[in-house]
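Structure record follows, encoded as structure tokens.
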Amino acid sequence: MVLLHSAQGRDWQTPPKGTSLKTLAEAEEQGLIEVRGEFQKRQFRLTTRGFSTVEHDRKRLAARLS
């Protein structure tokens, strides 16, 4: 979830420091992100499913805090 919440919109972006290739692969397998590039030049972006998952989670967290 940290990877998904770090995303700024749905544009291509670099993953946050410390994100492993395994984390990217798992999120991609679940259909939450798309990945392009190799090794240090990897980039990711949220899929429609990933974006809706993040929005739902943010709303849930906001409701819990209020």
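Since this is a predicted model, take the numbers as computed values, not measurements. For reference, positions follow the sequence shown, starting with 1.
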Give, for atom [atom1] of [X] and atom [atom2] of [Y], the distance between the pair rounded to the nearest 0.5 Å.
X     : Y     : atom1 : atom2 : value
Leu46 : Leu32 : CG    : CG    : 8.0 Å
Ile33 : Arg49 : CD1   : CZ    : 12.0 Å
Lys59 : His56 : NZ    : NE2   : 9.0 Å

Validation row: Leu3, Phe44 side chains within 4.5 angstrom (heavy atoms): yes
Any side-chain heavy-atom pair of Gln43 and Val35 under 4.5 Å: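 Gln43 does not reach Val35 side chain to side chain.
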Listed pairs under 3.5 Å, donor-acceptor, residues 13-21 side chains, sequence neighbours left out:
| unit_1 | atom_1 | unit_2 | atom_2 | d |
| --- | --- | --- | --- | --- |
| Gln13 | OE1 | Gln8 | N | 2.8 |
| Gln13 | NE2 | Asp11 | O | 2.8 |
| Thr19 | OG1 | Pro16 | O | 2.7 |
| Ser20 | OG | Lys22 | N | 3.4 |
| Ser20 | OG | Thr23 | N | 3.1 |
| Ser20 | OG | Thr23 | OG1 | 3.0 |

Minimum-distance pair of heavy atoms, taken over all atoms of Ala63 and Ser66: O-OG, 3.2 Å
Enclosure of Arg36 CZ (heavy-atom neighbours >12, cutoff 6.0 Å): yes
Hydrophobic cluster identity match, Val2 and Leu61, side-chain contacts under 4.5 Å: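 Shared cluster, no.
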Side chain to side chain contact (heavy atoms under 4.5 Å, CB included) involving Glu34 - partner list, sequence neighbours excluded: Trp12, Arg45, Thr47
Arg58 side-chain N/O to His5 backbone N/O, donor-acceptor pair under 3.5 Å: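 Between the backbone of His5 and the side chain of Arg58 there is a qualifying donor-acceptor contact (under 3.5 Å).
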